[in-house]
There are 2 protein chains.
Amino acid sequence: MPKDTFFNLPEDKRTQVIEAALDEFAAVPYAQASVNRIVARAGISKGSFYQYFHSKEDLFLYLLERMGEEKMTYLAPAFAQAETVDFFTLLHDLYAAGLRFGMENPRYAAIGEHLLRARNTPIYERVLRGGAATTQAFFRDLLYKAIERGQVRSDVDLDLMSYLMGELNALILTYHTERVAATYDDRLLATVDRFIDFLRRGLGPTSNASHSLPQNKENKA
Amino acid sequence: MPKDTFFNLPEDKRTQVIEAALDEFAAVPYAQASVNRIVARAGISKGSFYQYFHSKEDLFLYLLERMGEEKMTYLAPAFAQAETVDFFTLLHDLYAAGLRFGMENPRYAAIGEHLLRARNTPIYERVLRGGAATTQAFFRDLLYKAIERGQVRSDVDLDLMSYLMGELNALILTYHTERVAATYDDRLLATVDRFIDFLRRGLGPTSNASHSLPQNKENKA
DNA sequence: CAGTCACATGACCACCTGGTCATATTGTAT
DNA sequence: ATACAATATGACCAGGTGGTCATGTGACTG
């Protein structure tokens, strides 16, 4: 948590600091992020920085907290319908919302990506200890319920697939921003559609292609 | 390219240096890798290091080159059957071989992973310029041929899927080493089997689940 | 023996890092 | 005007970085 001094700051100055920090942490992974560059960009002195934050990590964790809150506002509508809607539809909406968040907040997306790749580094476990929700556990739960409802084959590898579903979210965002376009438009929705359709075929009951309703008949080897 | 001095070294000393470098570059991404730690570990002086290599980058690129060669020896058998075998079978063998490489060469695998996550950093483009083959282009070609042969639906997103197939290779390795086991055994093969089966359902002609033969009938939305 | 060449060495360089702290400036309440 | 606390500041610190270079060592050659 930043010190009181930081929250007492006039809003525009506080914003400047946050903006500068976002730029820095989006540009390079945590270990390479430089406090010196942040203060230079924010137009404050090094001394002031440490009046605002206990450490570089303090600032970083604060940004992650803000990021979590911001992302939730995107995902909330999809979550609201979690119980009433088909698994793949829910998945589609979650992905679309997540991608929209990434597109409209590219710096947050970059930070998240760096973090995802920072496993085995000290900062990562401190972030987890800080209580960051693990996406994978969430997807696992979702998948499990979908199997119970017969919307997903019962012989899928629950662990593997929930892991992949979490990672794929970030992957598709990267793919789309790098190869297609950096704006949130129909093309992104089309990509999501195709991807969910792929998942539906891969995970759903046999012959569950496209938007046909699930059927509970199993088909083993 | 390392200097001649390096290649003139007695083999055991050369090995020491390479071992130390592998340890370092596997432990932390390129930017954080320390020449000082490498020389300490290798038991040579800083001065000697720069008699062997033009720079830290020189050493790093050399390791990548060795890695490429080593990985090829794993993949070669799978490649040999590229023209004669079903797309998903080939994919299965490539994945299995790639994962075996990763399991038996964990430091190479770690380096590769760091690199995969180092896009947007200066070293990455220098690696690409150095001529590293892009996995994605390869998968794209593979997928295209599979479509022509009717082993894959013609309406799949070629770009997206080839991108994902490249990334998923690394992802599955990460998943398996982190969550299942760090040895190459039947469990890894089982994971690959399940994953390929998932792809077969997701990508193949409708009702192409499990090991049934491909059918050429198209099925659009 | 001297000469030459390949290699080994660690002190040293400029530069950067996260973090500290004595001091100066400001705002506010009396 | 005075006092007091909150905030701003940049020189400074110890420790790291990649890279250099004068000097030294040892082996081979004439």
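A, B, ... follow the sequence lines: proteins, then strands. Residue 1 opens every chain.
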Handout entry: Short side-chain N/O contact to dC7(C) OP1/OP2 from N8(B), under 4.0 Å
Key = yes
Handout entry: Presence of S45(B) side-chain N/O under 4.0 Å of dA8(C) phosphate oxygens OP1/OP2
Key = no
Quiz question: by atom type and distance under 3.5 Å, do the side chains of [X] and [Y] form a donor-acceptor pair?
| X | Y | answer |
| --- | --- | --- |
| Q151(B) | R200(B) | no |
| T174(A) | E113(A) | yes |
| R140(A) | Y144(A) | no |

Just to be sure I understand the rule, does [X] reach a base, reach only the sugar-phosphate, or reach nothing, if contact means heavy atoms closer than 4.0 Å?
| X | result |
| --- | --- |
| A33(B) | sugar-phosphate |
| K13(B) | sugar-phosphate |
| Y52(B) | sugar-phosphate |
| D4(B) | nothing |

Exercise for the section: Can you establish whether the number of heavy atoms outside D12(B) located under 6.0 Å from its atom CG is more than 12? Expected result: yes
Exercise for the section: Starting at atom CG of L59(A), determine the distance to atom C1' of dG18(C), rounded to an integer number of angstrom. Expected result: 13 Å
Practice task
Grab the CG-P distance between N36(B) and dC12(C) for me, whole Å please.
Solution key: 16 Å
Handout entry: F53(A): ring-ring contact (aromatic ring centres under 6.0 Å, His included) partners, not counting sequence neighbours
Key = F6(A), F49(A)
Fill in the blank from the handout: Test ring pair (Phe, Tyr, Trp, His ring centres under 6.0 Å), reference Y95(A), set F101(A), F195(A), F88(A), Y74(A), output is F195(A)
Practice task
Indicate yes or no: does R107(B) engage E19(B) in a salt bridge with an N to O separation below 4.0 Å.
Solution key: yes
Fill in the blank from the handout: In B/S/- notation (B base, S sugar-phosphate only, - none; protein heavy atoms under 4.0 Å), nucleotides 21-26 of chain C written 5' to 3' is B-----
Problem - Lys NZ or Arg CZ of K56(A) over Y30(A) ring: under 6.0 Å, within 45° - result: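 So K56(A) does make the cation-pi contact.
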Practice task
Extract, from 5' to 3' on DNA chain D, the first and final nucleotides lying under 4.0 angstrom from some heavy atom of chain B.
Solution key: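 Listed 5' to 3', the contact boundaries are dT17(D) to dC21(D).
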Practice task
May I have the step-by-step check of ring pair (Phe, Tyr, Trp, His ring centres under 6.0 Å) for F138(B) and F79(B), ending in yes or no?
Solution key: CA-CA 11 Å; F138(B) 167 74; F79(B) 279 129; 5.3 Å; yes
